[in-house]
Structure formats: structure tokens, C-alpha cells
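Read through the structure below, which is laid out as C-alpha cells, and then see the notes.
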Amino acid sequence: MATQKGDNWFVEGLSGKQDIVVTIAAPKERVFISKLDSCVVTIKGKVNAVAIDSVKGSGVIIENDVISSIEAMNCQKVQIQTNGNVPSVQIEKCQGATVFLSSVESRAANIITSLSTEVNVVVPGASEDDDPIEMAIPEQFVSKYADGKLTTAPTSHV
């Protein structure tokens with residue numbers, strides 16, 4: 001299901017597999033996930049980077065730290081869960097992405113979106129008894145030119 005070539009792991013072209021596990025042996029290893037449909041991939045161990053491309057209706061769980069970043073591109077309905085530290089999560093050209101920042105360390109991540117819709121971030125509630133908190137990343141912005149500068153802010157609807 002997952003193949004290793006050097007420091008790179010590849011998980012590609014699978015459908016309906018809920019038990020894909022990639023076990024990282026060294027922190028310099030990277031994981032490339034592409035063309036999955038209705039799958040769940042669990043990454044165990046400290047990983048350098050995770051790239052997710054052209055995934056549909058699938059989830060990726062990263063159980064430990066990510067050294068560099070997580071990138072999701074060209075995905076539809078993807079869920080990404082981080083249980084350790086991650087500096088940044090990049091989401092590009094995705095329709096329906098949910099990022100679960102499950103640990104205290106992961107909540108410091110920068111989330112960068114581009115050309116994406118329906119992107120949500122979920123964090124645990126204040127206590128174990130509270131429901132998780134889901135927040136939408138804005139899709140619509142208003143830009144205004146004034147005093148020689150262009151300012152852009154999320155659109156607010158009253």
C-alpha cells in the first residue's frame with residue numbers, strides 16, 4: 001500500500017482503504033499521498049514533510065511532529081489531523097478541506113490557503129466535555145485603495 005524509495009514514501013492510487021499506515025524511521029523522510037479515494041492514511045513517527053495531491057473523500061492523520069509543512073493540493077473533501085507540532089499547513093486548489101489541530105503545539109501552525117473553498121479549522125473544546133470548535137477560513141475578501149495603499153480584509157456580513 002505504501003512504498004518507500006530512499007527518503008520518500010509514496011501512497012498512490014488506492015480506493016476504500018481505511019487502514020493505510022506509514023511508519024517513519026528517520027525524521028528526514030517525506031510522505032507523498034496522491035490519487036486516493038475514500039481512504040485513511042496514518043503517519044506514525046516524526047516526518048519531514050507531507051504532500052497530499054488529488055485526494056477525494058479521504059483523511060490523513062499525522063500522529064507526531066512535522067518538521068517542515070503539510071501541503072494539500074487539488075483535493076476534494078480532505079481531512080487532515082495533526083497530533084504534534086507543525087509549522088504550516090498549505091491548502092491550494094482544494095474544495096472542502098478540514099484541518100484538525102488536535103494538540104496544543106499544532107495550534108501555533110500557520111494555515112495558508114489559495115484558490116480553495118470550504119476550508120475549516122477544528123480545535124478541541126476548552127475541556128474534554130466540550131464539543132470541538134469549528135471555524136471557517138474566509139473565502140471572500142474586500143480590497144480598498146486609500147491613501148496610496150491597498151488594504152484587504154475578509155468580507156463581513158451583517
Side-chain angles (χ1 to χ4, degrees), residues 1-125 128 131-141 152 154-155:
M1 292 207 271
T3 57
Q4 185 177 13
K5 295 177 186 171
D7 292 334
N8 299 319
W9 284 91
F10 297 91
V11 181
E12 302 173 295
L14 300 172
S15 181
K17 299 281 185 185
Q18 303 293 307
D19 59 349
I20 304 164
V21 177
V22 178
T23 303
I24 303 299
K28 63 183 177 179
E29 294 177 7
R30 296 175 296 273
V31 179
F32 298 92
I33 300 167
S34 67
K35 297 180 178 123
L36 300 186
D37 189 357
S38 304
C39 293
V40 175
V41 178
T42 303
I43 300 169
K44 296 182 177 193
K46 189 173 188 175
V47 64
N48 187 314
V50 178
I52 307 163
D53 187 16
S54 302
V55 165
K56 186 175 181 182
S58 296
V60 178
I61 302 165
I62 300 106
E63 290 192 349
N64 301 92
D65 294 347
V66 177
I67 296 169
S68 178
S69 68
I70 301 168
E71 296 179 31
M73 304 147 287
N74 306 310
C75 296
Q76 294 179 1
K77 297 193 190 259
V78 64
Q79 294 184 342
I80 302 166
Q81 178 178 326
T82 63
N83 296 338
N85 186 35
V86 58
S88 69
V89 179
Q90 299 175 354
I91 299 172
E92 185 175 330
K93 298 179 186 173
C94 291
Q95 180 181 2
T98 304
V99 179
F100 293 88
L101 302 175
S102 300
S103 69
V104 173
E105 297 87 5
S106 67
R107 289 180 222 148
N110 290 317
I111 300 171
I112 303 153
T113 61
S114 173
L115 303 170
S116 297
T117 60
E118 303 170 41
V119 179
N120 294 303
V121 177
V122 180
V123 296
E128 288 187 21
D131 290 335
I133 301 165
E134 185 170 3
M135 298 162 277
I137 291 182
E139 295 178 31
Q140 191 173 35
F141 300 89
T152 303
T155 302

Could you give all pairs that pass the ring pair (Phe, Tyr, Trp, His ring centres under 6.0 Å) test and reach residues 45-96, with sequence neighbours left out?
none
Tell me, please, which residues at least two apart from Gln81 pass side chain to side chain donor-acceptor pair (under 3.5 Å).
Asn83
Applying ring pair (Phe, Tyr, Trp, His ring centres under 6.0 Å), can you list everything that pairs with Phe100, at least two apart in sequence or on another chain?
none
Atom pairs and distances, donor-acceptor, side-chain atoms in residues 38-46, under 3.5 Å, two or more places apart:
none

Interatomic distance, Thr98 atom OG1 to Ile137 atom CD1 [nearest 0.5 angstrom]
10.0 Å
Looking only at heavy atoms, which two atoms of Val11 and Ala2 are closest? And how far apart?
CG2-CB, 3.8 Å
In residues 108-123, what donor-acceptor pairs under 3.5 Å come from side-chain atoms, sequence neighbours left out?
| residue | atom | partner | partner atom | Å |
| --- | --- | --- | --- | --- |
| Ser116 | OG | Ile91 | O | 3.4 |
| Ser116 | OG | Lys93 | N | 3.2 |
| Ser116 | OG | Cys94 | N | 3.1 |
| Ser116 | OG | Ser114 | O | 3.0 |
| Asn120 | ND2 | Glu134 | OE2 | 3.4 |

Passing candidate, side chain to side chain contact (heavy atoms under 4.5 Å, CB included) with Val50, options Ile80, Ile62, Val22:
Ile62
Those residues that, when tested against Thr152, pass side chain to side chain contact (heavy atoms under 4.5 Å, CB included) (two or more places apart)
Phe141, Ser143
Under the rule for side chain to side chain donor-acceptor pair (under 3.5 Å), what residues qualify as partners of Glu105, not counting sequence neighbours?
Ser103
Taking side chain to side chain donor-acceptor pair (under 3.5 Å) as the definition, give me every residue that meets it alongside Asn64, ordered by chain and number, with sequence neighbours left out.
none
Holding to side chain to side chain contact (heavy atoms under 4.5 Å, CB included), I want the full list of residues that pass it with Lys28, two or more places apart in sequence or in another chain.
Asp7, Ala26
Interatomic distance, Ile33 atom CD1 to Leu14 atom CG [nearest 0.5 angstrom]:
10.5 Å
How long is the span from the CG atom in Asp53 to the OG atom in Ser34, to the nearest 0.5 Å?
6.0 Å
Using every non-hydrogen atom in the two residues, find where Pro87 and Val66 come nearest and quote the distance to one decimal.
CD-O, 3.2 Å
Tell me, please, which residues at least two apart from Lys35 pass side chain to side chain contact (heavy atoms under 4.5 Å, CB included).
Ser54
Can you name the closest pair of heavy atoms from Glu29 and Val47 and give their distance?
O-CG2, 3.2 Å
Going by the rule side chain to side chain donor-acceptor pair (under 3.5 Å), which residues pair with Asn85 if we only count those two or more places apart in sequence or in a different chain?
none
Taking side chain to side chain contact (heavy atoms under 4.5 Å, CB included) as the definition, give me every residue that meets it alongside Ser68, ordered by chain and number, with sequence neighbours left out.
Asn48, Ala49
At what distance, to the nearest 0.5 angstrom, does OG of Ser58 lie from NZ of Lys77?
12.5 Å
Hey, which of Thr23, Thr3, Ile24 is the one that makes side chain to side chain contact (heavy atoms under 4.5 Å, CB included) with Trp9?
Ile24
Is there side-chain contact between Lys17 and Leu36, with heavy atoms separated by less than 4.5 Å?
no
